[in-house]
> 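Structure provided below as structure tokens; questions to follow.
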Amino acid sequence: MIDPRIVRDDPDRVRAAQAKRGLSDEVVDRALSADTTRRASIAAYEAKRAEQKQLGKLIPQAQGEEKQALLARTRTLSAEVKQAEAAQGAAEAGWQGALRSIPNLAADAAPAGGEDDFVVIETIGTPRDFEAEGFTPRDHVELGRMLGAIDLERGAKVSGSRFYFLTGIGAQLEFALVAMAMELARNAGFTQVIAPSLVKPRAMEGTGFLGQAADDVYRIEGEDLYLVGTSEVAMAAYHSDEILDGAALPLRYAAFSPCFRKEAGSHGKDTKGIIRVHWFDKVEMFVYTTLEDAEAEHQRLLGWEKEFLDKLELTYQVIDTAAGDLGLSATRKFDCEAWIPTQGRYRELTSTSNCTDFQTRRLDTRGRFGSQIRPVATLNGTLTAIPRAIVAILETHQQADGSVTVPLALQPHLGGLQVMKPVRA
RNA sequence: GGAGGCGUCGCCUAGUCCGGUCUAUGGCGCCCGCCUGCUAAGCGGGUUUGGGGCUACAACCCCAUCGCGAGUUCAAAUCUCGCCGCCUCCGCCA
């Protein structure tokens, strides 16, 4: 939820922000008129209620006819209060509804436009030239099969399309990647967390995933629970209804959790392999900090993401996502996209968003700064999403014989293993 | 899953039986001041959060807030119902 005062005091700024995302500004006028209605109804209700309370105090001491008169008056007042209260509730809901449908204001620096209007900030490394090396690279599906690392057939048999088993060296790779990510996070001062993957509607709603993204979310049949698509959801709700100690900020968490996505809108996209799957494990950085520090922290998160990709010795580019491709909650988003040789293009491996006070307003997390209580910001960033990291590693570091060299930094986490060798042709 | 107990403004706690001077008591902690060579002790004051009015996001006034929601009533921390959470015991289980 954006700051209501911005809508009230500077509606044009919100209109411009809506336009930048390619959205209608109709909601701004709806919010403004709802606010007027709301404030009028609050005043009306409170006036009635104040009168009711005052008269109510007189009743115990009153006697006889005086008491009867008071009771007669308060009886009608009681009905009026009830009515005014209902009107206030409705007005409040209208205001909240309008306000909640406004996405976070895109940062001035974020590029305008949609999905294809991103700006490449930097490119690290050069795509490996397999032609010069004299062999045609295998895709991760083939490499995963040869290494005995990824079992897609049985994944489909047991769970359906977009599921997989990680086996043998594949399973070891996941543990190694998680260990390496957690080690990096720990050294950077993050608190390590294992977060629940099932959450209540409040958490899902508060992080903005029940808006346009609702189609992508699994709901548990017969329960008021959702499967998270990222541990961001659990971590944003972690401090809900709390007032944090401002002096203790930033609070940095590195949370591991399985993630679940319906991929409802992606029929036909990435149907091969484990680029786009219904379930995967992920280590996510999640930070609570001050609004003033949020932008700098965003750069720090990007820095840790790059550090991790560097350790994996990958070629990648960093993009500045355009406003129309930001999630509901984000004011700015950077993606790190790794070069996937057999696709001949860069694919998203990590993503970091600055959500400013959008989520904390919805989830009621604030900070105490001396005598003041002020909103705080949340930011999130992927440290590693397992399947895509595995895809990039296998394809990037493959050899002509189907073996895959292990990036130096990953070797200690694989018992010193330097090369993953095929177990079948 | 079953039975019982509990949920009060940071923490602990009074109040709930028997509805109204509850504008929620006291202690701890914290903040300010006095005292003091410095500290401690002592003394005095302050200390839930959100919203509305008015405005400087001060002061002041008002409304809400006693786990959440609904109900009864002129009036609910207090009575009724539902839900949630925690604790104890039993059952089951990794």
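Residue numbers start from 1 in every chain, and the chains themselves are labelled A, B, ... in the order their sequence lines are given, proteins ahead of strands.
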> In whole angstrom, give the distance that lies between atom CZ of Arg38(A) and atom C1' of A64(B).
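Distance, rounded to whole Å: 13 Å.
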> Whole angstrom is fine here: how far is it from CD in Gln88(A) over to P in G50(B)?
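Roughly 17 Å, once rounded to whole Å.
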> Whole Å only: how far is the CZ atom of Arg368(A) from the C1' atom of C30(B)?
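Rounding to the nearest Å, CZ of Arg368(A) and C1' of C30(B) are 10 Å apart.
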> How many Å lie between CD on Gln372(A) and P on A56(B), as a whole number?
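Taking CD of Gln372(A) and P of A56(B), I get 18 Å after rounding.
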> Does Tyr316(A) reach the side chain of Glu337(A), with side-chain heavy atoms less than 4.5 Å apart?
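Counting from C-beta outward, Tyr316(A) and Glu337(A) never come under 4.5 Å.
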> C81(B) pairs with which nucleotide, Watson-Crick or G-U wobble, both distances below 3.5 Å?
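Pair assignment: C81(B) / G69(B).
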> In residues 179-188 of chain A, what donor-acceptor pairs under 3.5 Å come from side-chain atoms, sequence neighbours left out?
unit_1: Arg186(A); atom_1: NH1; unit_2: Gln192(A); atom_2: OE1; d: 3.1
unit_1: Asn187(A); atom_1: ND2; unit_2: Glu183(A); atom_2: O; d: 3.3

> Which is true for Ala43(A) with a 4.0 Å heavy-atom rule: it touches a base, it touches only sugar-phosphate, or it touches nothing?
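The answer is nothing, as Ala43(A) stays clear of every strand by at least 4.0 Å.
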> Looking at Phe256(A), Phe286(A), Tyr288(A), Trp304(A), which one forms a ring-ring contact (aromatic ring centres under 6.0 Å, His included) with Phe190(A)?
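For Phe190(A), the ring-ring contact (aromatic ring centres under 6.0 Å, His included) test succeeds with only one of Phe256(A), Phe286(A), Tyr288(A), Trp304(A), which is Trp304(A).
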> Determine the Euclidean distance between corresponding C1' atoms of G10(B) and U49(B); express it in Å to zero decimal places.
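The answer is 12 Å between these two C1' atoms.
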> Say we look at U13(B) and C28(B): how far apart would their C1' atoms be, to the nearest angstrom?
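Here U13(B) and C28(B) have their C1' atoms 10 Å from each other.
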> Could you measure between the two P atoms, the one in C79(B) and the one in C17(B), and give it in whole Å?
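To the nearest whole Å, 5 Å.
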> Classify every nucleotide of nucleotides 68-87 of chain B by which part a protein heavy atom approaches to under 4.0 Å, writing B for the base, S for the sugar-phosphate alone and - for neither, in 5'-to-3' order.
----S-BSS-----------
> Listed in order of residue number, which residues of residues 1-10 of chain A have a non-hydrogen atom at under 4.0 Å from RNA chain B?
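Only Arg5(A), Arg8(A) qualify.
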> How close or far is atom P of G52(B) from atom CD of Glu92(A), stated in whole angstroms?
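Going from CD in Glu92(A) over to P in G52(B) covers 8 Å.
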> Report the distance from atom CD of Glu242(A) to atom P of U49(B), rounded to the nearest whole Å.
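Glu242(A) atom CD is separated from U49(B) atom P by 15 Å.
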> Going by atom types only, do Thr356(A) and Asn104(A) share a side-chain donor-acceptor pair under 3.5 Å?
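Side chains of Thr356(A) and Asn104(A): pair found under 3.5 Å.
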> What I want to check is whether an N or O donor and acceptor connect the side chain of Glu46(A) with the base of G53(B) at under 3.5 Å.
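Check fails, no donor-acceptor contact within cut-off.
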> What is the distance from CG of Asp364(A) to C1' of G67(B), rounded to the nearest Å?
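Interatomic distance, CG of Asp364(A) to C1' of G67(B): 15 Å.
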> Is U88(B) paired to anything, Watson-Crick or G-U wobble with both distances less than 3.5 Å, and if yes, which nucleotide?
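Looking at the geometry, U88(B) pairs with A3(B).
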> Quantified in whole Å, what is the C1' atom distance between nucleotide A24(B) and nucleotide C84(B)?
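To the nearest whole Å, 24 Å.
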> Given the C1' atoms of U25(B) and C66(B), what is the spacing between them in whole Å?
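Each nucleotide's C1' atom is 13 Å from the other's.
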> Please give the distance between the P atoms of U78(B) and G20(B) as a whole number of Å.
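11 Å, rounded to whole Å.
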